[in-house]
A.B. asks: 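Below is a structure I'd like to ask you about.
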Amino acid sequence: MMHHGEYKVVGGKLVVVDLDTADGVITDVSLNGDFFLEPDDALEDLNDALRGLPVDASNSTIRDAVNQNLREGAVMFGFDADAVARVVRRALGHATKWEDHEWEILAPEIIPITEQVALDEVLTRQIAKGTRKPTIRFWDWNEGAVVIGSFQSLKNEVDMEQANKHGIQVVRRISGGGAMFMEAGNCITYSLYAPESLVDGMSFADSYPFLDAWVMEALERIGLKAHYKPLNDIATPAGKIGGAAQKRLANGAMLHHVTMSYDIDAQKMTDVLRIGREKISDKGIASAVKRVDPLKSQTELERMEIIEIMMDTFAKRTGATRTQLDEASRKDAQELAETKFATEKWTARVP
């Protein structure tokens, strides 16, 4: 059988492979693309490394074979062994591209914060079961909340006395990463639910800019030149505007979400978040700055205008169609919020 795969390295070059397979192994290979490789004949090292590998070889198996077979002194520019492994896995149908999926967009809908985090678990598990198309969902809410990462300490992150004083609810999500300070209209948050095959063989560090390449385009459309600052921060020349987090389930589904600051009350945030105080302790802004508003001040656009541009950009890049959250999923999220995400046992699972 003949197979063809293509992979554009984030910030790098296009890698293409044409494969022949028979009896469960790769029998012939032609690796090509607009990358650079020195010396020229090292290309045959890469092809030789792939011949004879089983068609179900893992990303790490392919990567190691490439590294071990590449002659001493050879240099790969614009791609690496991981990129070779990824394009081979794509050609063989184990890794997928954005266009391999039929995407859906869930527009913002005001939903309580406990149900927002519950929906992340519900919809990710639907992806794993194959009962939901890959989806991007934009959040909306009308309450004050802090959403802490799965592994953060409640007492180290949040001053509960101040949270209660300001009417800020604290909930814990299933993904890692840092705390999200969320009052109505003060930030933009979206969640992406997809098969893990979309990031097959990618490290978390590589997958962040890959999964958010579309949002960099959307931000550029509104006048912001944004980039990823490792590991998971989104920044502009003026500084950080947001951060991302992920959760990959053992059954092959992935949750990726991003929160970007639109117009945050910095004083209230530092009252409530203990770590927030420490992060700005050397910047002299705890009392001087009342708002953190990178998206509002840098674009002069309304929050919903920005979200509309984001949804439009995502749709144009992926072919996604807009739909509505079904009642069954909403009910499942309400029940999960009540039994898990709104409980002290879950919220304080890391005291």
Side-chain angles (χ1 to χ4, degrees), residues 98 103-113 115-117 119-120 123 134-147 173 175 177-194 208-229 232-246 255-266 268-269 289-325:
W98 290 94
W103 291 89
E104 293 185 337
I105 299 172
L106 293 174
E109 179 181 352
I110 293 177
I111 294 173
I113 292 292
E115 292 177 30
Q116 296 278 8
V117 293
L119 272 170
D120 274 355
L123 302 188
T135 301
I136 188 168
R137 180 176 69 89
F138 288 82
W139 296 27
D140 207 356
W141 60 97
N142 59 6
E143 58 197 314
V146 168
V147 181
R173 61 181 186 266
S175 60
M180 301 151 56
F181 182 76
M182 307 174 69
E183 291 187 290
N186 78 350
C187 55
I188 294 174
T189 296
Y190 62 83
S191 296
L192 187 77
Y193 315 98
Y208 282 120
F210 171 77
L211 292 171
D212 288 326
W214 68 272
V215 86
M216 300 305 169
E217 180 183 337
L219 292 172
E220 191 165 5
R221 284 179 60 184
I222 60 177
L224 297 182
K225 188 66 175 178
H227 62 277
Y228 251 92
K229 184 178 179 181
N232 61 335
D233 287 348
I234 298 175
T236 70
K240 178 179 176 179
I241 63 172
Q246 268 185 46
L255 161 68
H256 172 87
H257 64 78
V258 167
T259 293
M260 289 182 278
S261 300
Y262 178 75
D263 186 18
I264 291 178
D265 185 329
K268 189 182 296 186
M269 179 179 69
V289 175
K290 299 302 181 183
R291 315 280 322 169
V292 177
D293 63 348
L295 289 179
K296 183 177 182 179
S297 62
Q298 292 181 45
T299 68
E300 298 184 353
L301 294 175
E302 294 296 323
R303 175 173 169 270
M304 280 307 303
E305 288 182 271
I306 297 174
I307 292 174
E308 281 292 337
I309 291 170
M310 288 182 174
M311 291 192 292
D312 180 68
T313 302
F314 187 85
K316 286 178 177 176
R317 283 185 64 126
T318 65
T321 57
R322 296 195 191 190
T323 187
Q324 293 183 326
L325 183 66

A.B. asks: Where is the tightest heavy-atom contact between P134 and A194, given as atom of each residue plus distance?
C.D. replies: CB-CA, 4.5 Å
A.B. asks: Should we count CD of E305 as having more than 12 external heavy atoms under 6.0 Å?
C.D. replies: yes
A.B. asks: Measure the shortest side-chain to side-chain distance between Y193 and D120 over non-hydrogen atoms and say whether it is less than 4.5 angstrom.
C.D. replies: yes
A.B. asks: Do the rings of W98 and F314 sit parallel, tilted or perpendicular, given the 30° and 60° boundaries?
C.D. replies: perpendicular
A.B. asks: Say you draw a straight line from CZ of R322 to CD1 of I136; how long is it, rounded to the nearest 0.5 Å?
C.D. replies: 11.0 Å
A.B. asks: Which value, rounded to the nearest 0.5 Å, describes the distance between L325 atom CG and E109 atom CD?
C.D. replies: 6.0 Å
A.B. asks: Decide yes or no for Y208 and D233: does some side-chain heavy atom of the first lie under 4.5 Å from some side-chain heavy atom of the second?
C.D. replies: no
A.B. asks: Can you name the closest pair of heavy atoms from E143 and P112 and give their distance?
C.D. replies: OE2-CA, 3.0 Å
A.B. asks: Could you tell me which non-hydrogen atom of W139 sits nearest to which non-hydrogen atom of P108, and how far apart they are?
C.D. replies: O-CB, 3.9 Å
A.B. asks: Do I105 and T318 pass the side-chain contact (heavy atoms from CB on, under 4.5 Å) test, and can you show the C-alpha distance, the side-chain angles, and the key distance before you say yes or no?
C.D. replies: CA-CA 10 Å; I105 299 172; T318 65; 6.0 Å; no
A.B. asks: Check I309 against A218 and note the closest heavy-atom contact, atom names and distance.
C.D. replies: CG2-O, 4.0 Å
A.B. asks: Measure across Q246 and L211 and return the closest heavy-atom pair with its distance rounded to 0.1 Å.
C.D. replies: NE2-CD1, 3.6 Å
A.B. asks: Can you tell me which residue among R173, H257, R137 is in a side-chain hydrogen bond (donor to acceptor under 3.5 Å, both in side chains) with Q116?
C.D. replies: R137
A.B. asks: Does some side-chain heavy atom of R303 sit less than 4.5 Å from a side-chain heavy atom of D263?
C.D. replies: no
A.B. asks: Any Lys/Arg nitrogen of E217 or K316 sitting under 4.0 Å from an Asp/Glu carboxylate oxygen of the other?
C.D. replies: no
A.B. asks: Can E220 and K225 be counted as an ion pair, charged N to O under 4.0 angstrom?
C.D. replies: yes
A.B. asks: Which distance, rounded to the nearest 0.5 Å, do you find between the CG of D293 and the OG1 of T299?
C.D. replies: 9.5 Å
A.B. asks: Verify side-chain contact (heavy atoms from CB on, under 4.5 Å) between T189 and V147, making sure each step is shown before the conclusion.
C.D. replies: CA-CA 12 Å; T189 296; V147 181; over 6 Å; no
A.B. asks: Just do the side-chain contact (heavy atoms from CB on, under 4.5 Å) check on D265 and N186 with the steps written out, would you?
C.D. replies: CA-CA 8 Å; D265 185 329; N186 78 350; over 6 Å; no
A.B. asks: Quick one: list whatever passes ring-ring contact (aromatic ring centres under 6.0 Å, His included) with F138, sequence neighbours left out.
C.D. replies: Y190
A.B. asks: Of all the heavy-atom pairs spanning P294 and S261, show the shortest one and how long it is.
C.D. replies: CG-O, 3.5 Å
A.B. asks: Is there side-chain contact between L219 and M310, with at least one heavy-atom pair below 4.5 Å?
C.D. replies: yes
